[in-house]
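Heads up: the structure comes next, in structure tokens.
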Number of protein chains: 2
Amino acid sequence: MKPRITLKKIAKEFGVSISTVSKALKDSHEISEDVRERIKAFADFYNYKPNSLALQLRNQKTSVIGVIVPEIVHHFFSQVIDGIEKYANEHGYSVMVCISNESYKKEVSNISVLTNGSIDGLIVSIARETQETQNFKHFEDLIKDDFPLVLFDRIIEDLQCDKVIIDDVGGAFQATEHLIDLGAKRVALLTTQDYISVGALRKEGYLKALVAKGVTIDESLIYRIEDNKNLYEQIEKVINVPNPPDAILAVNEIYAANALKVAKERGLAIPEDIAIIGFTSGLISEFTSPPLTSVVQHGFLMGQHAAELLINRIEHTAPEAFQKEVISTNLKVRKSTINS
Amino acid sequence: MKPRITLKKIAKEFGVSISTVSKALKDSHEISEDVRERIKAFADFYNYKPNSLALQLRNQKTSVIGVIVPEIVHHFFSQVIDGIEKYANEHGYSVMVCISNESYKKEVSNISVLTNGSIDGLIVSIARETQETQNFKHFEDLIKDDFPLVLFDRIIEDLQCDKVIIDDVGGAFQATEHLIDLGAKRVALLTTQDYISVGALRKEGYLKALVAKGVTIDESLIYRIEDNKNLYEQIEKVINVPNPPDAILAVNEIYAANALKVAKERGLAIPEDIAIIGFTSGLISEFTSPPLTSVVQHGFLMGQHAAELLINRIEHTAPEAFQKEVISTNLKVRKSTINS
DNA sequence: TATAAACACGAAAACGTTTGCGTAACTTTA
DNA sequence: TAAAGTTACGCAAACGTTTTCGTGTTTATA
């Protein structure tokens, strides 16, 4: 790579001092018009751009925000990143993305790499392993230093920082209510292990709706999918049984799509024999047949809000109270629940 | 945010010079064991980490690579980013992601922001608008400065830099061949406008296969989807006609899934009346019914290769010849072409 | 005991930038 | 013509780090 042109080199070229060049390029009236114009022309010709590192070091501000997500190949997370990037960009920030890969260790190392001065703030959705082991010291350390931090989606309730979450309880409530209103008596829940915060919250909404509708809770209808085992087989055990449920609420799109597949293979009519709803942010639900009724999560919006909270936190030193924003979901009704 | 601890502050604390502290923390034998250990304990207690900006400035190396993609909410691109991030991380680099949003202007500004000293190299897939207008000056400028640059997927053939592409021609050839072998006489092509490089290449593979199989080319079976118009309606005009094609090759998953939908709504049997194949890297094809036979693109692999090329270029100053790597596709046969 | 070697640290430059302040030289004012 | 003001630039510090070289003090060698 060719060495970049610097103030020093321009100064040498003109036999003036570095500060003269700096001022000339900034159109300072301190510099005579003649010298100023010649320096500007020269700099322009060589496409001078101030070295960002030097500026960042001097100004103690990088205008970069870090983002750590459990994975990026996931419609929801890429939507959130998209939202973050958009808002950040509009406000003069760039985005540095790291992937924890659901690993505690990688999350810690990501944070360590990012918080060595190269970013002004951090947006994180917590890795599965971290949620499992409940070791949050790396976040507590950040908070202790008042480092600007925003948690989204997979959050830790007790941490003193800004947060953005989906209305998981409300979304699950609405979906379950919809299923019961359509006549379902035995609504199964396909959820994650309890330590995943969003899974737990969606279960909460599901249970609330049952109670509200006067349906007795049947623990045997709650299935906690294990991530390291075969998904399809686990879902078969839900549907491919003597007395399958007459409705299913799945906490994500993949579970829902697989449930639909198994049900169809078993010869069940959808939605007549079994109605299915999934949480979603992807495109699968639209293209299954029948298309899946979905609890739509607005990832892009979530990203924008997270970025907004973070940038406010970075730029307003006044220590405002920490916010917790809740992004509403909405129920997109398709033919997996109503066939008309 | 609390001010971070620096060498200067530690030095003041111990009444020694900055260089002594620096050396002590690096376990230099120049510093007496007593002082060394005390300084290290102190630094450890206050969780000292060298300021990355200062190091980057001094070493003239950031260990960050920039990535510009047209969009991130797209399974293929997020897979590539995932691959880049993985390889980069394993080799001590971080990743800064920018999104051009298919806009020429944003692409230019992204490059401008990134190449002001804050990254060591750049990986780009070109925006649609840039491909359309054919204005490549921003890339030529980079190349003129020998700035490490790798183009992937949407590339510019004439540019002197490393490139990674999918075997678009081969993938389309194989898919078309498959359709013809199954008895198709009138294979339609659902492609993009010609200026999109991958669309053009896939058309080339399609045409090659027709020629190889002795099928006469029928230009009226080639449909160039326009991005700003309604997708569904455009696809209806392909299938919902008196004499629809008996097979379709779509250059992406969304086109294919919509074609499937339209065909089913028209009452066509799949694959008996009409067989469908789509290029893909997402999950939709797996969950349609019937599932779609797909030309699978290995985005993750592509990302890894792009990162490898870039990092080699960054670290080996010896000006090796520019490489053009081709990632093979493979045909995943599902029931939209063979029902058995 | 004089000299050489080892030890333990500090000074300063370098990376590239901005900016407050100082100061010559020149111009205006009284 | 002396005092004051203006013009046009340079100096130096600051951001935080690493590293080469220099140097004073102590210890070992002949």
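If you're wondering where the values come from, they're calculated on a predicted model, not measured in any experiment. Order of the sequence lines sets the chain letters (A, B, ...), proteins ahead of strands, with each chain counted from 1.
When the options A:Val21, A:Ile39, A:Asn51 are evaluated for a side-chain contact (heavy atoms from CB on, under 4.5 Å) with A:Leu7, the one that passes is A:Val21. Checking A:Arg154, A:Gln131, A:Glu157 one by one against A:Ser197, the side-chain hydrogen bond (donor to acceptor under 3.5 Å, both in side chains) holds for a single residue, A:Gln131.
Sorted by residue number, the members of residues 35-47 of chain A with any non-hydrogen atom under 4.0 Å from DNA chain D read A:Val35.
Out of C:dC9, D:dA13, D:dT17, the shortest distance to the side chain of B:Ile31 is found at C:dC9. Comparing C:dG10, C:dC21, D:dC11 by their closest approach to the side chain of A:Ser19 singles out D:dC11. Side-chain proximity of B:Lys26 to the nucleotides C:dG10, D:dT18, C:dT17 is greatest for D:dT18.
Distances shorter than 4.0 Å separate some side-chain N or O of A:Ser22 from OP1 or OP2 on C:dT18. The side chain of B:Lys8 contributes an N or O atom lying less than 4.0 Å from OP1 or OP2 of D:dC15. Between B:Ser32 and C:dC9 there is a side-chain polar atom (N or O) within less than 4.0 angstrom of OP1 or OP2. Within the 4.0 Å cut-off from OP1 or OP2 of D:dT17, at least one side-chain nitrogen or oxygen of B:Tyr48 is found.
Ring-centre distance between B:Phe152 and B:His305: not below the 6.0 Å cut-off.
Distance A:Asp34 CG to D:dA8 C1': 12 Å, rounded to the nearest Å. As rounded to whole Å, 13 Å separates atom C1' of C:dG16 from atom CG of A:Leu25. We find that NZ of A:Lys9 is positioned 7 Å from P of C:dG16, with the value rounded to whole Å. Rounded to an integer number of Å, the gap from B:Leu57 CG to C:dA13 C1' is 13 Å. For the pair A:Asn116 CG and D:dT17 C1', the computed distance is 13 Å after rounding to whole Å. For the pair A:Ile18 CD1 and C:dC15 C1', the interatomic distance rounds to 11 Å; values are reported in whole Å. Residue A:Asn59 contributes atom CG, which lies 8 Å from atom P of C:dT19 at whole-angstrom precision. B:Arg58 places its CZ atom 17 Å from the P atom of C:dA12, with the value rounded to the nearest Å.
Here A:Gln60 lies in heavy-atom contact (under 4.0 Å) with sugar-phosphate atoms only. Among the heavy atoms of the strands lying under 4.0 Å from B:Lys23 is at least one base atom, whether or not backbone atoms are also near. Counting any heavy atom pair closer than 4.0 Å across all strands shown, A:Leu53 reaches no nucleic acid atom. At the heavy-atom level, B:Thr6 lies under 4.0 Å from the strands shown only through sugar-phosphate atoms.
Distance alone, capped at 3.5 Å, is enough to place a donor-acceptor pair between the B:Arg36 side chain and the B:Ile31 backbone.
Considering only heavy atoms from C-beta on, A:Ile72 comes within 4.5 Å of B:Ile72 through its side chain. With a 4.5 Å cut-off on side-chain heavy atoms, B:Val150 and B:Cys161 do not count as touching.
Using bins of under 30°, 30° to 60° and over 60° for the plane-to-plane angle, the ring pair A:Phe136/A:Phe139 lands in the tilted bin. Ring geometry for A:Tyr46 against A:Phe42 counts as tilted: the plane angle lies between 30° and 60°, on a 0 to 90° scale.
Sequence order on DNA chain C of the closest nucleotides to A:Ile5 and B:Glu33 puts B:Glu33 first from the 5' end.
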